[in-house]
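Data first, discussion second: the structure below is written as structure tokens.
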Amino acid sequence: MGFTAPLYFLFSAFLLLVILMYFFRKQYEKKAIPSVLMWQEWMNEFEAQAWWRKLQHHLLLYLQLLALLFLIFTLTQPFFEKEGIEGDHIIFIMDTSASMTALEGESSRLELAKEEVFHILDKVDDQDLTVIVAKETPEILSERSSSKKEMLQLVGGLETTYASSNLIDAINLAKSILGDEKGNIQMFTDNFSEDNSLEFNPNTAFFAHNIGSSHINLAVETFGVAIRENDVVGVVNVKNEGEEAKEVKLNVYDDQNNVIKQVSETIEGNKLKTIYLEKLQIATSYKAVVSGDEQYLLDNEQIAFLGQQQDPNVYVHKDIHPFARKAVEIASTNVIHLSSTPAGGEDFQGVHLIQGIARSDWPSGPKLVFLSGQDGEEETELSGEVTANMTNPLMQSVEMERVHVEKTFTTDEFSSFDVVASRGGTPLILSGIYEGDPIIVVTFELGSSDWPLHPGFPLFMFHSIQELTQNQSMLGYFYPGQSLDYYPSSDVKKAEIIDENDNVVSSSEAFDQPIDLPLTPGLYKLRETKDQTDTMKSFYIMLEDSEKSIQTVDSFTIPAVSSSMNQGGETTTSKDISYLFLILALVVLLLEWEVYRRGISN
């Protein structure tokens, strides 16, 4: 305990003044009385009393001295020192990346970080509090709050986002919030090195809490499969982050979760080893899983899709415009020109470019159709400006608004298709599903337009073939926190994301915004609900390369100028208790008033 203004103890002289005033209190006059027998009896009784009973007769004096003493203590501003956190504003930066799920004993690193934050919050006293989550774009959960309860709820409710953290941007955000005020930045992560070039305001203290310690960790760095000479082969790169050699067991699963390959290898410490897989069974997807560590399992597996290995055949039917023929030869390497309409029994697997063929003779499979009016379409003169849906993949770098189109053919059969481009409200390009197959319809003849002369026309042909030949059952690979630009066909009513346990993760019936993909790594399916059938498309949420390591570095501190902070970011703070003595003085004055009132009434 200490005193901010001990000079005020000089006012203790007033205690002597009060005592002296009692010597000059009112004197009684001498008078003759008939008898002193009763007084003598009372005096004998008084002298026989204990000393502490005699003091009761001067209770008012003692109460006044005590009240004055408490007031003097109030003026000296007493305080006591306690452990606290330096700074008027404390900012917590929380790393919620995948590596923070690594176990340290029974608890994860994120749980241990929360416990340290709770420990710091116990020592906060009337300071502003801010919480920042270090995502790819740092997010402020709460700014300049003075409520410890709110901070405990926010930090306690944090969950892993699995995506890599952007610690530098989070630190810069914290610095901009603090400005020149006296502040303290507390960052909780697992691998932030002191080698990073950091500059702070002289009033800002920074402490990096690197949670956990380095462990043995095995990680599947890369995994891929391909078809080579009619056999499926694979390559797996496995890394050993430990100091010692480690025996690794590798299991490869097919899309039915059956083990189709087992391999045992010994990997030297801090080395990457390539494991080759041969003669795998045919499957749409494969999963490679390594075993041998326990602290961090997220990077122990990875999925690879067996994609299309060569360009599909593109069949160009008769009557296709010469410019379209030339453009498709640029867009694809496997172009087959047909001089006649195929017979019904012939099997032509690939994309078909069609013009002037009756719909009853259209082949099955993906199609790019140029209408010509030979199947009942009505010819319509056009006016107005050409507009296009630039978010549609078909319109990337096409610049359709510069194209001149005089007339088009209209039909109600494609009215449910998505409009890719139009002029004056009349569709020019449509896309959708026709009899179960994807289709793109150009509603005008190329001869009545200058479109083939534009550089965007070959690009449109390329995008069309890519759109029609993409694997309809596979969406590909994504990272945690990414979004999917989703352009479903017009007959899709609802889209649901389903995990490996057939649980619905999210559902959407409006497709005007990208779909937020799950955060947890794993294999998922996108189920499209249509009028008559459902379709499933697989995709994989994979860890970023930076999250396949759980090595840590030492924590470090960058103190503020003239800081008394220790290595833990803590310091001693002064707690003013002068208000307690003021309250005691008021209580004593009330007691004195009550004693005086009772004495007067008696």
Side-chain angles (χ1 to χ4, degrees), residues 97-102 160-164 215-228 232-242 246-265 267 270-309 471 473-482 484 497-501 505 517-526 537-551:
S97 61
S99 61
M100 294 296 286
T101 64
T160 309
T161 57
Y162 295 97
S164 294
H215 299 282
I216 295 175
N217 181 51
L218 302 175
V220 178
E221 291 287 316
T222 57
F223 175 42
V225 292
I227 296 179
R228 293 291 181 269
V232 178
V233 298
V235 177
V236 185
N237 287 325
V238 181
K239 184 177 181 179
N240 177 12
E241 282 195 316
K246 185 74 176 178
E247 183 177 353
V248 176
K249 294 183 179 180
L250 172 66
N251 290 336
V252 180
Y253 299 81
D254 62 9
D255 50 3
Q256 301 300 320
N257 208 32
N258 298 317
V259 178
I260 60 176
K261 201 76 169 180
Q262 289 182 321
V263 179
S264 294
E265 296 282 351
I267 304 178
N270 294 314
K271 296 293 183 180
L272 180 71
K273 187 166 188 177
T274 301
I275 302 175
Y276 296 96
L277 308 172
E278 296 181 351
K279 296 182 179 181
L280 299 176
Q281 299 177 11
I282 294 291
T284 57
S285 64
Y286 301 84
K287 179 169 67 174
V289 180
V290 297
S291 58
D293 61 348
E294 298 179 356
Q295 277 74 23
Y296 189 54
L297 302 180
L298 283 176
D299 60 353
N300 285 22
E301 66 178 50
Q302 190 163 324
I303 287 178
F305 294 110
L306 184 64
Q308 199 165 17
Q309 301 302 311
N471 193 328
S473 63
M474 185 194 313
L475 292 176
Y477 305 90
F478 299 90
Y479 291 124
Q482 282 191 324
L484 172 65
I497 294 179
I498 303 172
D499 63 13
E500 294 181 86
N501 298 321
V505 178
L517 298 178
L519 296 174
T520 307
L523 183 64
Y524 296 86
K525 292 182 179 179
L526 177 67
K537 299 179 180 180
S538 301
F539 63 94
Y540 179 55
I541 303 295
M542 60 187 300
L543 283 179
E544 298 181 55
D545 292 341
S546 60
E547 296 304 310
K548 295 181 179 180
S549 172
I550 59 172
Q551 303 307 302

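This one's a predicted model, so the numbers in the text were calculated from it and none came from an experiment.
Residue-environment remark: CD (Glu294) stays at or below the threshold of 12 foreign heavy atoms within 6.0 Å. At most 12 non-hydrogen atoms from other residues, nucleotides or ligands lie less than 6.0 angstrom from NZ of Lys239. Atom CD1 of Ile216 has 12 or fewer neighbouring heavy atoms from other residues, nucleotides or ligands inside a 6.0 Å radius.
A perpendicular orientation is assigned to the rings of Tyr540 and Tyr477, their planes being inclined by more than 60° (bins at 30° and 60°).
Checking side-chain atoms of Lys548 against main-chain N and O of Val220 turns up a donor-acceptor pair under 3.5 Å. At distances below 3.5 Å, at least one donor-acceptor pair connects side-chain atoms of Asn240 with backbone N or O atoms of Ile267.
Contacts of Tyr479 classified as ring-ring contact (aromatic ring centres under 6.0 Å, His included), with partners at least two apart in sequence or in another chain: none. For Lys273, the salt bridge (charged side-chain N to carboxylate O under 4.0 Å, His left out) criterion is met by Glu265, not counting sequence neighbours.
The line from CD of Gln295 to OG of Ser99 is 14.0 Å long, rounded to the nearest 0.5 Å. Going from atom CD of Glu544 over to atom CE of Met542 covers 9.5 Å, rounded to the nearest 0.5 Å.
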| Please walk me through it: do Val289 and Tyr253 pass side-chain contact (heavy atoms from CB on, under 4.5 Å)? | CA-CA 8 Å; Val289 180; Tyr253 299 81; 3.8 Å; yes
| query | What do the steps show when you test Thr274 against Leu272 for side-chain contact (heavy atoms from CB on, under 4.5 Å), and what is the final call? | reply | CA-CA 7 Å; Thr274 301; Leu272 180 71; 5.6 Å; no
| query | When you look at Ser97 and Tyr162, which way does the side-chain contact (heavy atoms from CB on, under 4.5 Å) test go after all the steps? | reply | CA-CA 4 Å; Ser97 61; Tyr162 295 97; over 6 Å; no
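Defined by atom type and a distance below 3.5 Å, a donor-acceptor pair is missing between the side-chain atoms of Ser285 and Asp255.
Each of Asn257, Asp254, Leu523 was compared with Lys287 under the side-chain contact (heavy atoms from CB on, under 4.5 Å) criterion, and only Asn257 meets it.
When all heavy atoms of Leu280 and Tyr286 are compared, the closest pair comes out as CB-CE2, 4.2 Å.
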